[in-house]
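We name chains A, B, ... by the order of the sequence lines, and we start the count at 1 in each one.
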Amino acid sequence: MSMNRRSVVKAIATGGALIGASVLMPRIAMAAWSSKAFKAEDQATAMSELLGGTPSESAEVTLKAPDIAENGAVVPVTVRSTLANVESMSIFVKDNPTPLVAEFMIPAGTEANVSTRLRMGKTSTVTAVVKADGKLYSASKEVKVTIGGCGG
Amino acid sequence: MSMTRREFARLLGMAGAAGVLPVTGFAAKKQPSELYEVPKSGNVRLLHMTDCHAQLLPVYFREPNVNLGIGSAYGQAPHLVGDKLLNHFGIASGSLEAHAFTYLNFGDAASQYGKVGGFSHLKTLVTRLRESFGSANTLLLDGGDTWQGSGTSFKTRGMDMVKATNELGVDIMTGHWEFTYHQEEILNNIKAFNGEFLANNIFVTEDALFDGADEYIHDEDTGHVFKPYSIKELGGARIAVIGQAFPRTKIANPARFIPDWTFDIYDSEMQELVDQIRSEEKVDAVVVISHNGMDVDIAMANRVTGIDVILGGHTHDGMPKPTTVKNAKGQTLVCNVGSNGKFLGVMDLDIRNGKVKGYNYRLLPVFSELLPADPAMAKLINDIRAPHLDWLSEELAVADEVMFRRGNFNGTFDQVICNALMEQNNAQISLSPGFRWGTSVLEGQKVTMEHVLDQTCLTYPETYVRPMKGSELKLILEDVADNIFNPEPYLQSGGDMVRVGGFDYICDPMQPIGKRISEMRLDNGELIDANKSYTVSGWATVGAKSDGPIIWDVVAEHLRDKQVARIDKLNTPVLKNVTDNPGIAAYPKMS
């Protein structure tokens, strides 16, 4: 492929707008949209509303997030999984007012690898939950949000 | 006081006869006159400087008496002060090295041995060490924090230091405070820099890439804004040098100056890079010029394999010997070479058949009275300073005691700044950042505008006055304390504790965040109420620009008023659970 990084980013951004539109419709239409889960104010409730269970930690789920956020308003995270038959990947920020941040549906045959940005008001554990073959697996990491300043 | 080289050697000779000279360490093997004659060993010589903070002229610099190590850093280098440091490294008390590496007897020893650093003296030393080894087999590496810290660097937006490092012959550098200028200025300075500016951990943000930030990006595919590494052929060996810029730059300093770039520590990417360099570039050694800070460098050396040497900076630790870190596949030497031009690290490597077989390390204190000034560098410095001399040389007050900053809590110069903020800005409380730069002034000396600039000169110098609740004040103290005392190095940001004026507190560094700070009490004894509002003044805000007067003008006005820089009350905390910590000495408030 001869396209440079900038062209790729532009292509993704343009495509992203379309994907965004197609995601919006199911959100309104689909019964699967869990309003209760997204509005839940504690993580346990959000998880059980969305996924109907509690995940177990798995080395086959990789959560990439910074140790310290450069900017709490846009914290980049990536979730990957090597598990077979991944159905969905969801992300939770335990100490956010509403911990469930996003749920990604992974169609069959799609590589389980998603990236997004989170808003975090303060230091919190971030948890990624992968649903594969009907079972729940997770990885967690604490991301520090600091007021900054005072660098040496 | 000024002393000739001969007088100095005579003095040391007498000290030697009196049995004051060290019995171990490098000075034991050397005659004083040979202090700077490093015997040739190995086939590659790396000369390493860092964190000079734009100090072109010789200065005084007092090392800390409080530099606490928490967690695995407890009692380990660099968290050793005073006699603990001397014992650890086998340096005799009362010696020249004892003065260079510790705060002990600072005022008297500084009067005796004179100033340290200064680019024209450093230049003489660099030339000597290059020529004696064979210049072609040497490299001069600069860990950064070079373009900031003086009035002239501020006025020239770092360009004075680009010229000075060109004259010095810096081959490779990385950065931190370099990023407190605007992106375009940084790129412009790098263009004027004769060496290479390396950083493997600075990437362009995707937003910036989308908006067309592609003109200056080193590699559009990887997103590296700067060249990540460079290969050098020296002494028959191929050496890779990787640049590691300060990973917390956008947290510790204003992000608004460098909107298109993002920084972090990327262990897995660093590992991939080292592995790739080793397999594809066929190098004999891998060196990292780092601005991580020493604790983070030690942690990184544990996690990432295949690095032979980390030449580190940021935390301003002048360590006489490297720390050897064992990891899964071998070992890494971690060095840190202090600040303000005070030291030059000399790492001689014996590299044969694709391996580092041995090393010889010396951290040389740069005593300017022992090294004649290089005339070309001296002229350049004069030219740089000439337009600003009136501003720099104003005498503001007399120092009633040694004025310094370095240490985990308030130094005397910090207290002057905090008092100036309270008095000039009519505030009950003041806050001043715990930077590790800032030179020292001896008792009885005149405090000049240049000294004030040494302590305060940065590109976001505006002060503020605003109401703050007691709870907010505690939150700030807790947050900053966690940046220093978190036992996990990757969660530290470097720098020291925020300096305070108008109140005292108790600090227990061993506790987790939220539990370190207690008993915040105003100078009148009144306990600070979490729900009550107080008038607070401070400076160097990293979020948005403040609208108050410039900090150096505030401090200068205060000193002109007082005529004497005197500390009536030092607002340092009472410390808990650190009495036995080898990182603290001569600290009066411990419980």
Side-chain angles (χ1 to χ4, degrees), chain A residues 1-17 19-20 59 61-80 82 95 113-126 139-152, chain B residues 51 145 176-177 180 204-207 209-210 212-214 217 219-223 246-255 262-265 268 293 314-316 339 432-437 475-476 479-480 482-484 486 488 490-498 513 538 540-543:
Chain A
M1 192 179 86
S2 67
M3 207 164 30
N4 66 21
R5 186 182 158 95
R6 185 162 52 112
S7 318
V8 173
V9 171
K10 284 193 173 165
I12 291 169
T14 318
I19 294 164
V61 178
T62 307
L63 169 66
K64 198 177 154 191
D67 291 320
I68 308 180
E70 266 187 352
N71 178 355
V74 281
V75 183
V77 295
T78 297
V79 185
R80 279 192 288 266
T82 49
D95 295 324
N113 185 340
V114 300
S115 289
T116 187
R117 295 171 183 186
L118 318 174
R119 180 185 285 270
M120 295 178 67
K122 59 177 173 182
T123 301
S124 169
T125 306
V126 176
S140 295
K141 174 172 181 169
E142 187 172 85
V143 175
K144 184 174 171 178
V145 178
T146 161
I147 51 170
C150 301
Chain B
D51 296 75
D145 281 6
H176 165 202
W177 279 87
T180 56
V204 67
T205 65
E206 303 219 314
D207 299 19
L209 205 57
F210 183 65
D214 54 319
I217 295 168
D219 186 335
E220 269 199 39
D221 294 319
T222 60
F246 180 50
R248 310 294 178 218
T249 300
K250 283 185 92 164
I251 300 162
N253 307 92
T262 176
F263 301 59
D264 207 337
I265 315 175
S268 53
H314 184 57
T315 37
H316 295 197
S339 68
S432 181
F435 298 129
R436 292 189 173 191
W437 40 271
L475 196 74
I476 291 172
D479 206 82
V480 181
D482 197 59
N483 278 339
I484 310 160
N486 193 306
E488 163 54 61
Y490 278 32
L491 296 179
Q492 300 166 5
S493 294
D496 283 311
M497 187 60 183
V498 58
I513 189 167
T541 45
V542 295

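Contact detail for B:V542 and A:I147: the closest heavy-atom pair is CG2-O, 4.2 Å. The two residues B:Q492 and A:I68 have their closest heavy-atom pair at O-CD1, 4.3 Å.
When heavy atoms are compared at a cutoff of 4.5 Å, A:V74 does not approach chain B at all. In this structure, chain A has no heavy atom under 4.5 Å from any part of B:I217. Looking at B:T315, there are no atoms closer than 4.5 Å to chain A (heavy atoms on both sides), in backbone or side chain.
Counting non-hydrogen atoms of neighbouring residues, nucleotides and ligands closer than 6.0 angstrom, the NZ atom of A:K122 reaches no more than 12 such neighbours.
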Side chain to side chain contact (heavy atoms under 4.5 Å, CB included) between B:D482 and A:T146: does it pass, once the steps are laid out?
CA-CA 9 Å; B:D482 197 59; A:T146 161; over 6 Å; no
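Without hydrogens or angle criteria, A:E70 side chain to B:F263 main chain gives a donor-acceptor distance under 3.5 Å. Looking at B:K250, its side chain never comes within 3.5 Å of a backbone N or O of A:N71 through a donor-acceptor pair.
Ion pairing between A:R117 and B:D207 holds under the 4.0 Å rule for side-chain N and carboxylate O.
For the pair A:K144/B:D479, no side-chain contact is recorded, criterion being any heavy-atom separation below 4.5 Å from C-beta on.
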